[in-house]
Amino acid sequence: MNDTQKMLEDSVTRLFSDLITREALTRIEETTWDVPLWQAITDLGLPQVLISEAREGMGGSWVDAFLVARACGRHAVPAPVPEQMLAGFLCDQASLLLPAGIAGVLPAPVPVAALKGDNASFSAARVPWGRHADFFVGLTEAGHLVMLSNTGVTVREEANLAREPRDHLTFEATPLIGHAAGGLPADSVRWLGALLRSAQISGAAAACLELSVKYTSERVQFGRALSQFQAIQHHLAEIAGEMASVDTMAMVACRAFDARGINGTDRNARFDIAVAKCRASEAVEPITRLSHQVHGAIGFTYEYDLQFLTRRLWSWRAEFGAQGEWGKYLGGVAMDQGGDQLWPYMTA
Amino acid sequence: MNIDTLRFPHFESPPEVDALRQEVRAFLAEELTTVKPVMRSNTWDGVDPAFSRKLGARGWLGMTLPKTYGGHERSMLERYVVVEETLAAGAPVGYHWIADRQSGPMVVRLGTEAQKHKIVPAIARGEACFAIGMSEPDSGSDLASVKSRAEKVPEGWRLNGTKLWTTGAHRANYMIALFRTDSSPDAKHRGLSQFLIDMNEVSGITPRPIRDLTGRRHFNEVSFVDALLPADALLGKEGDGWKQVTAELAYERSGPERYLSCFVLLTELVKILKGGNANAEILAKLGKEIAWATSLRNMSLSVAGMLSAGQDPSLQASVVKDLGCHFEQRLPGLAQELVELEPTLAGTGVDYQQVLGNLMQLAPSFSLRGGTLEILRGIIARGLGVR
Ligand SMILES: Cc1cc2nc3c(=O)[nH]c(=O)nc-3n(C[C@H](O)[C@H](O)[C@H](O)COP(=O)(O)OP(=O)(O)OC[C@H]3O[C@@H](n4cnc5c(N)ncnc54)[C@H](O)[C@@H]3O)c2cc1C
């Protein structure tokens with residue numbers, strides 16, 4: 001991490017530490033949107049992280065995006081910061097400016113048949129914060145970037161376990177406000193979404209570990225702090241190991257994406273991203289189970305912070321593919337490469 | 001706790017490292033063409049002095065040690081590349097393994113000039129085989145409780161006692177061993193000292209090989225009966241043994257071996273699955289372990305980078321070892337679940353079966369040697385600030 005990255009992480013952490021209190025999380029979970037929070041996020045320029053300087057963005061790398069997304073996970077930020085960064089990146093790659101306002105990112109490729117002249121008709125499932133979007137960004141099956149207005153959109157409100165909006169949208173002759181060929185493959189949103197969720201999982205896992213260490217150091221039973229008991233220490237060590245594995249791979253995958261992208265069939269960043277999300281999703285089980293275990297009943301209450309993290313972890317595990325899907329991809333890579341080429345491929 | 005102390009920083013690997021990797025790979029491809037997979041699955045227990053000498057001749061042993069003593073003054077990262085490539089290929093590194101990993105740096109740091117000039121060049125040539133004399137019948141995890149005694153006598157030191165589980169002591173030229181030089185009850189830790197023992201020069205030392213569960217003679221019981229050592233056999237300072245042995249264990253725990261001793265099984269598993277028709281469920285299970293291997297590899301690389309940068313990676317190294325031994329111990333069971341073939345002894349069955357049979361039997365040792373899983377988790381917990 002270089003100095004500017006440290007500064008970015010520090011300023012994001014400071015912002016979230018100030019604004020994301022238990023009270024705020026409880027309130028925003030009901031309202032699903034907080035105007036001052038989003039204002040502060042945009043004031044800090046976070047939607048611009050992945051937009052090039054030529055288009056008045058921050059010109060950041062995916063390592064920068066990783067730091068922001070990880071901080072979002074760590075603080076359970078109830079706002080679509082990773083999605084907004086991704087929307088900026090998708091537009092930038094298609095040489096378009098990201099309009100002002102809240103972007104909704106379409107998780108699945110838009111069918112080419114949905115586009116009719118200057119409008120589009122189709123439906124999209126589980127769109128993060130879809131109900132709040134001022135416009136939508138997605139890639140078509142042909143890999144073109146499309147930008148849609150939010151008129152002619154019917155919203156069926158849904159949410160993930162953390163009550164983050166994941167809405168079902170029906171677009172009915174919705175005006176196309178932007179359309180351009182870009183340099184990204186059509187399935188990019190799924191891969192980059194998986195990458196961002198891996199970073200968020202890393203952050204939330206770190207927060208689970210911090211809470212668990214703190215709580216077990218303070219809670220006394222049998223005349224000793226719980227953390228003095230070896231069984232508890234081993235639980236903490238296991239959470240730490242899982243978290244470190246997830247964190248390392250999410251960072252490595254972001255670096256790999258910066259260096260090699262996901263175009264073409266050569267050894268590119270797809271392998272690293274698949275490893276990152278497979279590990280992140282798999283790690284959710286031990287991390288959430290053990291964090292709850294060491295907290296006892298208090299961790300099972302709504303009043304205690306842990307659940308803001310663990311409910312997110314359970315949802316993020318599945319979003320953009322759980323460990324089964326990414327594991328299947330990796331197993332497939334191994335079959336293509338064969339035993340003797342596995343190590344060279346891993347280390348390339 | 002500060003979460004940043006648990007992170008695995010990224011280090012850019014310089015271009016000379018990639019060139020070296022290709023060179024090592026080409027060398028191994030040629031050297032190991034006739035070595036059967038089951039032999040490769042012995043990795044750091046596989047012993048072949050001729051192979052060790054060839055690595056030495058290439059300049060790939062004692063890589064980070066000073067040139068004055070026959071080393072090569074290469075970076076920790078370059079050494080790491082040689083180590084991970086040899087392990088991933090399943091090269092027989094057992095003869096030089098301990099010397100290259102921990103004894104060489106120990107002798108350079110603590111030995112006399114005469115010892116350094118004599119021993120370190122032999123290590124770099126791949127001719128020195130070292131043993132680690134730490135464990136005893138009554139001292140395993142509680143290493144500081146060792147009872148074997150070294151007494152100061154006019155000729156130097158007189159050693160009595162028993163070391164146990166000493167890998168390779170029956171063939172080693174040297175042993176670095178931990179002995180008690182002060183038996184007063186309040187001197188548990190400061191009563192310990194390390195000795196550099198020339199196994200060919202000293203009488204009164206008898207290694208008795210112990211058959212391990214595979215039937216092989218790998219480790220030993222070593223008895224010391226009035227073994228007389230010259231005064232300069234004291235390694236480092238009298239009473240500094242505990243501090244020194246802790247530093248030695250840091251070398252022992254920081255390498256990639258803890259997740260790479262099973263890599264040959266992963267390779268063979270992929271081969272056998274590729275030959276059949278693996279369904280989606282099998283691919284997913286295989287893929288999860290590939291994800292583990294890749295994340296461990298990146299973590300391990302980071303530890304090497306931290307060592308190269310002069311940082312202390314002991315917490316990160318313990319994490320890698322803890323996760324790594326779970327990974328390795330899971331693999332034989334998973335393989336059994338994915339492929340309907342029995343594990344076999346060397347010489348019967350297909351390669352995959354023999355590798356599985358070998359590693360299934362070796363796997364229990366992975367979470368014991370070099371400090372048990374339970375002890376490592378204690379170290380991690382301390383790193384989290386809870387002890
Ligand atoms: C293949 C192999 C090669 C080896 N090579 C060498 C060598 O070259 N040189 C050498 O000196 N030693 C060697 N060892 C020995 C190794 O270092 C010891 O086995 C190890 O330190 C554990 O000691 P122990 O076997 O006496 O088990 P014990 O210490 O008796 O432990 C038995 C079990 O109890 C657990 N336990 C012990 N104390 C605690 C505690 N405080 N809290 C919780 N659990 C605890 C342990 O984790 C373990 O699970 C080797 C071992 C093996 C298997």
(message) Less than 4.5 Å to any heavy atom of chain A: does that hold for the side chain of B:Arg25, its backbone, both, or neither?
(response) side chain
(message) Given the ring of A:Phe16, does A:Arg74 sit roughly above its face, with NZ or CZ under 6.0 Å from the centre of the six-membered ring and within 45° of the axis?
(response) no
(request) Would you please indicate if the ring centroids of B:Trp292 and B:Phe327 are separated by under 6.0 Å? (result) no
(message) What verdict does the side chain to side chain contact (heavy atoms under 4.5 Å, CB included) test give for B:Ser318 and B:Asp322, after you've listed the backbone C-alpha separation in whole Å, the side-chain angles of each residue and the deciding distance to 0.1 Å?
(response) CA-CA 6 Å; B:Ser318 299; B:Asp322 176 34; over 6 Å; no
(message) As a test of understanding, state which of A:Tyr329, A:Phe257, A:Trp62 forms a ring pair (Phe, Tyr, Trp, His ring centres under 6.0 Å) with A:Trp191.
(response) A:Tyr329
(message) Looking at chain A, which one of B:Leu286, B:Ile290, B:Thr294, B:Leu323 has the largest number of heavy-atom pairs inside 4.5 Å, strictly under?
(response) B:Thr294
(message) Run B:Lys271 and A:Asp340 through salt bridge (charged side-chain N to carboxylate O under 4.0 Å, His left out) and show every step you take.
(response) CA-CA 8 Å; B:Lys271 284 185 191 169; A:Asp340 289 332; 3.0 Å; yes
(request) Could you tell me which of B:Glu289, B:Met1, B:Lys288 has the largest number of non-hydrogen atom pairs under 4.5 Å with chain A? (result) B:Lys288
(request) Could you tell me which of A:Arg279, A:Met346, A:Glu325 has the largest number of non-hydrogen atom pairs under 4.5 Å with chain B? (result) A:Arg279
(request) Count the heavy-atom pairs under 4.5 Å between each of A:Ala225, A:Ala276, A:Ala240, A:Gly332 and chain B, then report the option with the highest count. (result) A:Ala240
(message) Take a 6.0 Å sphere around CD of A:Glu285 and say whether it holds more than 12 heavy atoms from other residues, nucleotides or ligands.
(response) yes
(request) Between chain B and each of A:Arg255, A:Gln230, A:Glu210, A:Met1, count heavy-atom pairs under 4.5 Å; write down the option with the most. (result) A:Arg255
(request) Output the option from A:Met251, A:Gln228, A:Glu242 having the highest count of non-hydrogen pairs under 4.5 Å with chain B. (result) A:Glu242
(message) Quick check for you: among A:Asp247, A:Leu236, A:Val333, which has the greatest number of heavy-atom pairs under 4.5 Å with chain B?
(response) A:Asp247
(request) For each of A:Lys277, A:Met335, A:Gln337, tally heavy-atom pairs with chain B at distances under 4.5 Å, and name the one with the top tally. (result) A:Met335
